[in-house]
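Presented below is the structure to which this report refers.
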Amino acid sequence: MKASHKFMQALVLLLFIAIPLLSTPTYALSNSTPAAITDWEMMWEDDSHETVQNASSSERSSEWQAFTYGDALPKKPANIQSAWVRFKLPEYDLARPVLLISKLTAKDVSIFINNKLVYESDRNYSYNKNEILLSITEHEANHMVYILLHTDSDWLGLKKPIMIGEGQILSKAFMKQEMFDVVIGASLLFVSLAMFLCFLFLNKSYLSGINSLCVFIFSIGVMLLSLSPYVHSVYKEYGFIIYYTFDVSSNLLMPSIFIFFEKIFGRGPYGLITRFRKLQVMVSAISIVWFFASFLSDGIEKYYILVTTLTFAGTVVFGNMLLIGCFIKYCLQRNKEAIIITIGFGTFAAIAALELGWYFIQDKNYDLIFWKWGIFSFIASLIIILVRRILLNYEQVVKYSKQLEVFNNELQRAEKMDIISQLAASVAHEVRNPLQVTRGFLQLLGEKSTNERDKGFMVMAIDELDRAADIITDFLTFAKPQLEEMTLLNVADELKKIEGILVPLANMQGGVIKAELSPQLYVRGDSSKLKQAIINIIKNSIEALNKDGTILIRTYMNDFNNVVITIKDNGEGMNEADLKRLGEPYYSKKTKGTGLGLMVTFRIIEAMGGKIKFNSKKGVGTEAVIHIPSAKK
């Protein structure tokens with residue numbers, strides 16, 4: 001029952017959401033495509049409070065100037081802050097007629113139709129971009145539209161044709177045109193905040209570089225949003241704050257990116273990156289203080305706008321040149337990160353420099369557009385570098401963790417070896433003598449006994465005593481691995497002797513021993529001890545063989561002047577857990593094994609200055625690789 005109630009509630013909720021979306025409009029749209037109004041007239045106005053009736057009077061008809069789309073905006077006369085723009089609405093047959101007025105340059109805008117105010121926008125800040133979507137009625141065809149413009153800057157007027165068409169069609173065009181900057185800016189804000197939250201859990205050594213990258217991306221996002229006419233139209237009450245966030249963000253832009261570069265590439269040639277970063281931080285701090293002081297008087301604001309425009313453009317151009325020079329130097333050194341960032345930054349810097357140049361050539365009568373596309377390649381390269389650094393850092397941590405595990409295992413093994421060595425040294429001698437005495441008496445009793453059953457028991461007891469004596473011998477070898485007779489040994493000769501000893505044992509097990517021995521390889525060591533170590537390994541391989549098993553013994557010289565001996569079998573093999581425990585005291589996979597044989601082998605090879613490593617895979621086989629320093633004959 002509870003499940004059915006929840007299902008019904010979800011269904012009702014979906015219906016409430018879907019019905020408005022699926023419902024059809026009650027009006028019929030016409031098939032008319034949007035029409036462009038490309039001709040208009042313009043008249044300068046020295047009184048910003050002049051009425052539309054006065055502007056439309058026949059007495060001022062001579063003051064109007066005709067303009068066509070494509071004409072440059074007229075230069076505003078001195079001491080004139082306002083202007084009128086008028087155009088005539090054409091005939092139209094539209095269900096929901098609207099006007100789309102794009103690229104209208106003015107701070108304050110008032111629109112009149114039939115001498116009635118139909119739209120008004122008054123701003124208390126110097127933002128001059130306007131994108132207006134204005135609904136009109138079917139009765140307003142062939143009427144004149146008057147637009148009163150007011151600004152504090154040097155430019156007034158229209159830059160694009162006025163469009164008239166169906167509301168839905170032009171609304172989509174308006175949204176498509178204006179939402180691009182909003183979507184990009186909001187996405188960059190989200191990305192920067194998400195990166196900041198994610199990177200809080202990463203290595204703190206990169207925190208300053210990560211934070212600076214987040215600030216850079218955040219600043220770009222804020223600048224895009226603050227320049228969007230759509231944001232200023234929708235959030236009119238916050239327009240003042242939105243407009244001036246551009247100044248704060250632009251002052252954070254260059255310092256943040258130089259902090260990031262300094263973290264990634266260091267101080268740069270002759271410390272230029274660090275020096276310019278310090279200069280940029282100082283300039284930005286002064287600019288921000290000056291920015292807040294500009295609200296105190298118009299005089300301070302005037303100089304603030306003049307100076308900061310020049311300093312911002314100068315630092316962008318000079319900073320770009322400096323970074324490109326540094327990146328070229330690093331690229332010549334085949335620095336992969338420099339190559340990645342040079343591609344992204346070079347694209348952005350070239351577009352930004354060209355646009356800024358064109359902006360000043362056009363006497364600031366140009367909208368910076370294309371830098372938004374260049375910023376994508378730049379941010380992408382920054383993120384790629386940061387991710388690459390994090391991955392390299394992670395790989396380094398994994399590498400150090402593995403090394404730490406190896407060192408820890410070696411330390412544990414050394415501690416165990418030391419304990420066994422001390423135990424063996426103190427106990428082995430004391431135990432060996434009583435065993436020999438006991439063995440002698442058992443032999444005498446066995447010789448005197450006439451009962452075959454008792455003789456069998458005596459032989460079994462003597463065999464076990466001999467096995468105990470062998471274990472004690474291993475203990476003594478382990479406790480005192482020093483090589484008493486250090487001589488020059490021909491490795492091939494030593495292995496041939498071992499092969500002759502163990503071939504019969506391998507044949508009994510159903511296997512064969514093959515040897516590929518390089519001549520003239522010499523090491524220094526004790527012949528008997530080396531044989532003992534190699535025999536221990538080969539015997540383990542023989543015991544691991546199945547039918548048709550093979551043991552391959554190879555020798556060669558490696559690049560580090562070490563003689564390498566490999567003993568490889570195709571026996572049952574070992575898993576990773578067993579492989580890690582090889583050489584541990586009392587670890588053996590044999591029924592009666594003690595693990596001392598391999599312990600002794602490790603100690604003998606180490607005493608000769610070498611090392612031994614085992615590679616194995618379950619069901620495939622095992623390979624022992626021995627490295628011993630080479631000796632000259």
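Worth saying up front: this structure is predicted, and the values here are computed from it rather than measured.
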* To do: Could you check Ile136 against Tyr92 for side-chain contact (heavy atoms from CB on, under 4.5 Å), going step by step and ending with a plain yes or no?
  => CA-CA 11 Å; Ile136 57 178; Tyr92 52 83; 3.7 Å; yes
* Structure fact -> Correct closest heavy-atom pair for Thr274 and Glu262 would be OG1-OE2, 2.7 Å
* Asked: With Arg123, which residues qualify under salt bridge (Lys or Arg N to Asp or Glu O under 4.0 Å), at least two apart?
  -> none
* Do Glu45 and Ile80 come within less than 4.5 Å of each other through their side chains, counting heavy atoms only? -> no
* **Ser228 OG to Met223 CE distance, which is reported to the nearest 0.5 Å** => 14.0 Å
* Asked: What's the verdict on side-chain contact (heavy atoms from CB on, under 4.5 Å) for Ile111 and Val109, showing C-alpha distance, side-chain angles and the deciding distance?
  -> CA-CA 7 Å; Ile111 301 177; Val109 179; 4.0 Å; yes
* To do: Would you indicate whether the side-chain heavy atoms of Thr38 and Ile162 approach each other to under 4.5 Å?
  => no
* To do: Using modelled atom types only, decide if a donor and an acceptor are shared between the side chain of His232 and the backbone of Ser226 within a distance under 3.5 Å.
  => yes
* Within a strict 4.5 Å, meaning less than it, do heavy atoms of the Pro34 and Ile169 side chains meet? -> yes
* **Closest non-hydrogen atom pair, Ser56 against Gln53** => OG-O, 3.1 Å
* **Heavy-atom side-chain proximity of Val182 to Leu225 below 4.5 angstrom** => yes
* Structure fact -> Heavy-atom nearest pair, Met163 first then Ala36, reads SD-CB, 3.7 Å
* Which of these passes side chain to side chain donor-acceptor pair (under 3.5 Å) with Asn128: Thr105, Asp108, Thr151? -> Thr151
* **Aromatic ring pairing Tyr146/Trp84, orientation class (parallel under 30°, perpendicular over 60°, tilted between)** => perpendicular
* Structure fact -> What one should report as the nearest heavy-atom pair of Gly344 and Ser381 is CA-OG, 3.8 Å
* Asked: Can you find a heavy atom in the side chain of Val98 that is under 4.5 Å from one in the side chain of Glu166?
  -> no
* To do: Determine yes or no for a side-chain-to-main-chain donor-acceptor pair under 3.5 angstrom, with Asn130 supplying the side chain and Ala106 the backbone.
  => yes
* Side chains of Leu94 and Arg96: closer than 4.5 Å at any heavy-atom pair? -> no
* Applying side chain to side chain contact (heavy atoms under 4.5 Å, CB included), name anything that partners Asn54, two or more places apart in sequence or on another chain. => Glu50, Thr51, Arg60
* Asked: Hey, are the side chains of Ile132 and Leu99 touching, using non-hydrogen atoms and a 4.5 Å cut-off?
  -> no
* Roughly how far, to the nearest 0.5 Å, is OG of Ser82 from CG of Asp46? -> 8.5 Å
* Among Tyr238, Phe246, Tyr243, Tyr244, the one residue meeting ring pair (Phe, Tyr, Trp, His ring centres under 6.0 Å) with Tyr125 -> Tyr243
* **Separation between NE2 of His139 and CG of Asn114, rounded to the nearest 0.5 Å** => 11.0 Å
* Nearest 0.5 Å, what's the NZ-CG distance between Lys160 and Leu104? -> 12.5 Å
* Going through the distances and angles, do Phe112 and Tyr119 end up as a ring-ring contact (aromatic ring centres under 6.0 Å, His included)? -> CA-CA 7 Å; Phe112 301 87; Tyr119 176 87; over 10 Å; no
* Begin with the C-alpha distance, continue with both residues' side-chain angles, and end with the deciding distance and a verdict on side-chain contact (heavy atoms from CB on, under 4.5 Å) for Leu170 and Leu133. => CA-CA 8 Å; Leu170 287 182; Leu133 190 67; 4.3 Å; yes
* Asked: Is the shortest heavy-atom distance from the side chain of Leu149 to the side chain of Lys107 under 4.5 Å?
  -> no
* List the steps, then state whether side-chain contact (heavy atoms from CB on, under 4.5 Å) holds for Phe87 with Ile147. => CA-CA 9 Å; Phe87 59 89; Ile147 305 176; 3.9 Å; yes
* Residue pair Pro97 / Thr137: nearest heavy atoms and the distance that separates them -> CG-C, 4.0 Å
* Structure fact -> Output for pair (Asp247 CG, Trp290 CH2), nearest 0.5 Å, gives 12.5 Å
* First locate atom CG of Leu252, then atom OG of Ser212, and finally report the distance between them rounded to the nearest 0.5 Å. => 11.5 Å
* Is it true that the NZ or CZ of Arg86 lies under 6.0 Å from the centre of Trp64's six-membered ring and within 45 degrees of the ring axis? -> yes
* Shortest non-hydrogen contact between Thr315 and Met254, atoms and distance -> O-CE, 3.7 Å
* Check the pair Gln280 / Ser284 against side chain to side chain donor-acceptor pair (under 3.5 Å), numbers first and verdict last. => CA-CA 6 Å; Gln280 186 60 53; Ser284 296; 3.2 Å; yes
* Asked: Less than 6.0 Å separating the ring centroids of Phe216 and Phe258?
  -> no
Solution key, residues 185-198 side-chain donor-acceptor pairs under 3.5 Å, sequence neighbours excluded:
from	atom 1	to	atom 2	distance (Å)
Ser187	OG	Val183	O	2.6
Ser192	OG	Leu188	O	3.2
Ser192	OG	Leu189	O	2.8

